[in-house]
Amino acid sequence: MLQIALVTLLLAGSDGALQFASYYQDHMVLQRGPQQAVIWGHATKLGDTVSVAIAGHGSVTGVVTKDAAGHGMWKVKLPAMTDKGPFTVSAKSSEGTVMIKDVLFGDVWLCGGQSNMEFPAGHIMNATAELEASLKYADIRIMRVRNIQSTSPLTELPGNGIYTNWTQPTKVAVNTFSAVCWLYGEYLYNDRKYPIGLIDSCWGGTRIEVWSSPDALATCSHITKRYPSAASILWNAMINPLRDLTIHGTIWYQGESNAGYYRQYSCQFQAMISDWRQKFHQASLGETSATFPFGFVQLAGYRQSATSVGSMPGLRWAQTGRHGTVPNQDLKNVFMAVAMDLPDYNSPYGSIHPRYKQDVARRLVLAARGVAYKEPGVKYQGPFPKTVANNKAHHTINVLYSYGPIMVNTNNGFEVCCSTATTCGAHDNWVAAPIQSHQDNEVVLSTTACTHNVVGLRYAWRESPCDYKKCAIYGKDTSLPAPPFIHTDNFEAGIIVG
């Protein structure tokens, strides 16, 4: 594990001449128009003028100023570019000239999270063919941030080979790159038809606290801090240095390490998203949107058990801000891929690490097309209940879905909260409510197993609710799974707000 002292040593070893910040390199992707790509770097002569040019597209100028540490730095916005390139970008001042070559303009996506985002492409299903296919995508460029932590915010990523340089896809580079990140970029490129830049910044086994700035953590200050010495250490070292870079959006796969504390996660996740958006927007001089699209993977199934509830369902619910679907009023411009039906019980890398990353990426890209890119007519969500009607006389519940047609694979998956009271309590029993009948966008559930009051309903509320793509409800025309939900508050009103 690399420590802050090593970073300081590496940066102190630079010659102090005019230079780009470390992650502006040959073969990179800069954000395309209508956004303007921000470029920044270092210099020693305060007040000096730095001229930055895109070959054949003019130049812009900036002035060397003093950064928070007292060192010289400069920052400019390039013209909005929709021509993909490749281009040479140069910076010139009285201290010399530096340039980066083979620069493309496209959409830049930041990929973050823990081990399922870190999971390399070389470990997925059909990896050999996927690595071979990656060579066709010369307009997708990748960069991996190496694992490093810091107790204070860094402004730079360390250089000298401590992290992977920007590169075109090669079998060697893609083999160790995030599978979800790479496949997301590949499938997105097939839709957008222009360059995609992917930045992989993730670390296995990490909790959301280490990826959250002190400001984000303070938003949820009512939550007991469990290990304050580790808070923000990866935000400081692996995210904060990237804030000046103009990006289009972020995808995120994390939460397993927070599953035991799922009640806090809803606040923490919303706070982190809001904080990242505000800080990237500010540091990029307003070019990264203050509401940039944020996609995430709702956690996959884990161990094979028909009875284990565990904490995973609560975490999945918290990931949506306790709404069940996104985007919603608390998580705007947010999209997700449901993965609860993609378990891999026999994964050689542990069942917590399923190899079905192609399915995850396809679902993420479909949602990105609908939310991030606002493509009309894209169905990017599985069916979600709109109303629930409790027919006490007939011992049934009618669940009306937001759209149809639905596909029903099995009668199992629904449960009702059975109570002697009028609301569902922590010690009440949940009993099976099998599907009795179904039609275009509605299922009828039997509640005869409950001999008391039916005061709640939940669906797919298990650590691993089904085997691979075998959950109960899917969209018939999309094959997208209905996400899990729980409905106990004001149950008799029958309205589920998604």
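We use all heavy atoms of the structure for the numbers below, so side chains are in, but hydrogens, waters and symmetry mates are not.
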Exercise. Using the ring of each side chain (for Trp, its six-membered ring), is His42 parallel, tilted or perpendicular to Trp40, with breaks at 30° and 60°?
Worked result: perpendicular

[X] and [Y] aromatic centres sub-6.0 Å:
X      : Y      : answer
Tyr253 : Phe119 : no
Tyr137 : Tyr189 : yes
Tyr401 : His438 : no

For this session: Would you check, one step at a time, whether the test side chain to side chain donor-acceptor pair (under 3.5 Å) holds for Thr291 with Asn333?
Result: CA-CA 7 Å; Thr291 58; Asn333 209 25; 4.6 Å; no

Exercise. Does Arg277 make a cation-pi contact with Phe294, if we ask for NZ or CZ under 6.0 Å from the ring centre and within 45° of the axis?
Worked result: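 Not flagged: Arg277 not positioned over aromatic ring of Phe294.
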
Seminar exercise, completed: Nearest heavy-atom contact between His281 and Ser289 is ND1-C, 3.9 Å

Exercise. Among all residues two or more places apart in sequence or in another chain, which pass the disulfide (SG to SG under 2.5 Å) test with Cys202?
Worked result: none

For this session: Evaluate the side-chain contact (heavy atoms from CB on, under 4.5 Å) criterion for residues His248 and Val108: first the C-alpha distance (whole Å), next the side-chain angles of each, then the deciding distance (0.1 Å), finally the verdict.
Result: CA-CA 5 Å; His248 188 84; Val108 179; 5.6 Å; no

Exercise. Given the rule in the side-chain contact (heavy atoms from CB on, under 4.5 Å) test, do Val180 and Cys111 qualify, once you have shown the distances and angles that lead to the verdict?
Worked result: CA-CA 8 Å; Val180 170; Cys111 307; over 6 Å; no

For this session: For the pair Arg192 and Glu375, find out whether any cationic side-chain nitrogen is under 4.0 Å from an anionic carboxylate oxygen.
Result: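 Here Arg192 pairs with Glu375 in a salt bridge, since their nearest N and O are under 4.0 Å apart.
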
Problem set entry | Test side-chain contact (heavy atoms from CB on, under 4.5 Å) applied to Asp215 and Gln278, step by step | CA-CA 11 Å; Asp215 292 332; Gln278 184 270 327; 5.6 Å; no

